[in-house]
Amino acid sequence: MATTVRSIKSLVPLLDRVLVQRVKAEAKTASGIFLPESSVKELNEAKVLAVGPGAMSKDGQRVPMSVTSGDRVLVPQFGGSPVKVGEEEYQLFRDSDILAKINE
Amino acid sequence: MATTVRSIKSLVPLLDRVLVQRVKAEAKTASGIFLPESSVKELNEAKVLAVGPGAMSKDGQRVPMSVTSGDRVLVPQFGGSPVKVGEEEYQLFRDSDILAKINE
Amino acid sequence: MATTVRSIKSLVPLLDRVLVQRVKAEAKTASGIFLPESSVKELNEAKVLAVGPGAMSKDGQRVPMSVTSGDRVLVPQFGGSPVKVGEEEYQLFRDSDILAKINE
Amino acid sequence: MATTVRSIKSLVPLLDRVLVQRVKAEAKTASGIFLPESSVKELNEAKVLAVGPGAMSKDGQRVPMSVTSGDRVLVPQFGGSPVKVGEEEYQLFRDSDILAKINE
Amino acid sequence: MATTVRSIKSLVPLLDRVLVQRVKAEAKTASGIFLPESSVKELNEAKVLAVGPGAMSKDGQRVPMSVTSGDRVLVPQFGGSPVKVGEEEYQLFRDSDILAKINE
Amino acid sequence: MATTVRSIKSLVPLLDRVLVQRVKAEAKTASGIFLPESSVKELNEAKVLAVGPGAMSKDGQRVPMSVTSGDRVLVPQFGGSPVKVGEEEYQLFRDSDILAKINE
Amino acid sequence: MATTVRSIKSLVPLLDRVLVQRVKAEAKTASGIFLPESSVKELNEAKVLAVGPGAMSKDGQRVPMSVTSGDRVLVPQFGGSPVKVGEEEYQLFRDSDILAKINE
């Protein structure tokens, strides 16, 4: 799943796909002590980096997307297509797989 | 399935999703004695905390939702996407998965 | 599948769901002798207690229901969502899963 | 699959369902000797006892049924919902599962 | 899969079903020697004996059939519903399962 | 999958089916030495021998075919219905299963 | 999956298919040392070599393609139909399987 892509900003999702990066849990405790990597769990919270133009409906119209670039969202625990750019991991989901927006 | 969300009120379900919290069975007996946690069973009854705007129909209309925020509902025993905010567990269901409203 | 619902009458099925209670086989023989519980078999006959307003068709119309509250019906042997209110067991089926009405 | 139904005539199939009873093979040989029950095989031939009003098409019309009460038909070897009334076994099929009519 | 049908001509396929009989491979060699039954392999070639009126399209029209009674056709190796009339084996396929006509 | 068909030219594919014959890899090396049969691998390249009239769309129109008789095409590695005429093997694919045309 | 095709340019994808070649990871390190072949991993990045005319929609219109010849794209890790021309490996995907364009 590696790529030769230099910047994640070069990725343009197609149709109804949404490019996200999962939020990583804090790797240090409240008192500031750094945790060993194995204690850092992955969250099902993500940031939307880019969205496609929307799927084509049967009558040739674009179905509007539910999320937009910059949104904080809840993503399902499984599924999505992994993309690796440099050392960072990203995921592509379909718009209808995104569970909720986080407004805070 | 953990998140960094501070308040469950920040979650805005997308499309036809319904955010619920299952009702916990009473952790004490009728005579007021507290039961150990393992005897507290989860019920398939839940409270609706937030609902999405509805799925998009094929002709670009929103399909109206069957439940609304504040409703008491029956949810299926399995399925739904788990969400954890702080110590509390929540679930996201699709509107059409909600079995019944409880009017009492 | 337990609930805190006080009365089954509080349950309002959603969309095309049908709330039924299976008929229990007689727990006594023709000559009036009571049978031990293990000999009482469950039947695939049920009484309709409440029905939803009908599923939404693609053009936004409600699909009329085939059964109504009070109907005696045949239900499939498997499937349906179990609901427990107090000591009683009920089931929610979709309207199109109900096999036949019993008119007698 | 047992019922408390007194007469099979009370059963009214819903939607596109067809109530049939499979024809039993003759339990005696051509020369009139009765065969033990285990030699009597079940056939995939059946008599139609009652038919539903037809499924609802997407534009709210009833789809006409292919068979009618009294027809002799071929039914698939597997599938169908079993119904027992008294000592007799019946089956409910969907109209589109019935393979052929027998006109003789 | 046995029936009490006296003549295969009594079978009237429903909807888009096609009644065929597979062609049996010659049970004798070119030089006229009869082969033992186990060497006679079944072919995926068949003769159409009867066809249904066609499936119903969504707008209530009959979809025309691709084959007609008397056609020689190629049938898939697996699938189809077996029917036995007397000692003969027949099969019912759906029209869209028939692979090709044989014009010779 | 054998047939009694005398000539492959007698086969007329139905609906959207395409009759092809896979191209066999050369059974000799560039220097002209014949290879033993086990070294001759099957290719996923094929020649179109005949095509059906096209599937029926929902509004009763024929969907045009993508390939025509005489085309060289790429076929999927698996799938398709095998047909044997004499000693030769052929395959029937659906039009939408054909991957690409080869124009050279 | 081998072919006798002489040039990949002869391949004309049908319907909504997209012919791509996966980008190979550099077989040498940054300092110019060549790596043994087993360390060269396949990427899920690909170059589009040719695209089909688009699938047919239900009302007989071509659905426009999302990518065009020359595009750099992200492809799923699994799936796609392999094609071998000479020593080179290519893949055919459906247009809707392509995840994203790479614009750099």
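By convention in this document, chain letters (A, B, ...) are assigned in the order of the sequence lines, proteins followed by strands, and residues within each chain are numbered from 1. Everything numeric here is computed off the predicted structure, so don't read it as measured data.
Residue contact with chain B, scored on non-hydrogen atoms closer than 4.5 Å, involves the backbone and the side chain of A/Ile98 alike. At a 4.5 Å heavy-atom cutoff, the contact between B/Arg17 and chain A is made by side-chain atoms alone. Proximity to chain B (any heavy atom under 4.5 Å) is shown, for A/Val75, by neither the backbone nor the side chain. With a 4.5 Å cut-off on non-hydrogen atoms, A/Asp97 touches chain B through its backbone but not through its side chain. Proximity to chain A is limited to the side chain of B/Leu92, based on heavy atoms less than 4.5 angstrom apart.
Annotation for A/Arg62: atom CZ counts as buried by contact number, over 12 foreign heavy atoms lying within 6.0 Å.
Proximity of B/Val12 to A/Ile102: side-chain heavy atoms (C-beta onward) are nowhere separated by under 4.5 Å. Side-chain contact between A/Gln77 and B/Pro82 is present, with heavy atoms from C-beta onward closer than 4.5 Å.
For the residue pair B/Arg94 and A/Ser96, the shortest heavy atom distance occurs at NH2-O, 3.5 Å. For A/Ala100 against B/Leu11, the heavy-atom pair with the smallest separation is CB-CD2, 4.5 Å.
For the residue pair B/Ser10 and A/Glu104, a side-chain donor N or O sits within less than 3.5 Å of a side-chain acceptor on the partner.
The greatest number of non-hydrogen atom pairs below 4.5 Å with chain A, out of B/Leu15, B/Leu14, B/Asp16, is found for B/Leu14.
Distance check, rounded to the nearest 0.5 Å: CG of A/Leu99 to CD of B/Gln91 gives 11.5 Å.
A distance-only check finds a donor-acceptor pair linking the side chain of A/Glu45 to the backbone of B/Thr4 [under 3.5 Å].
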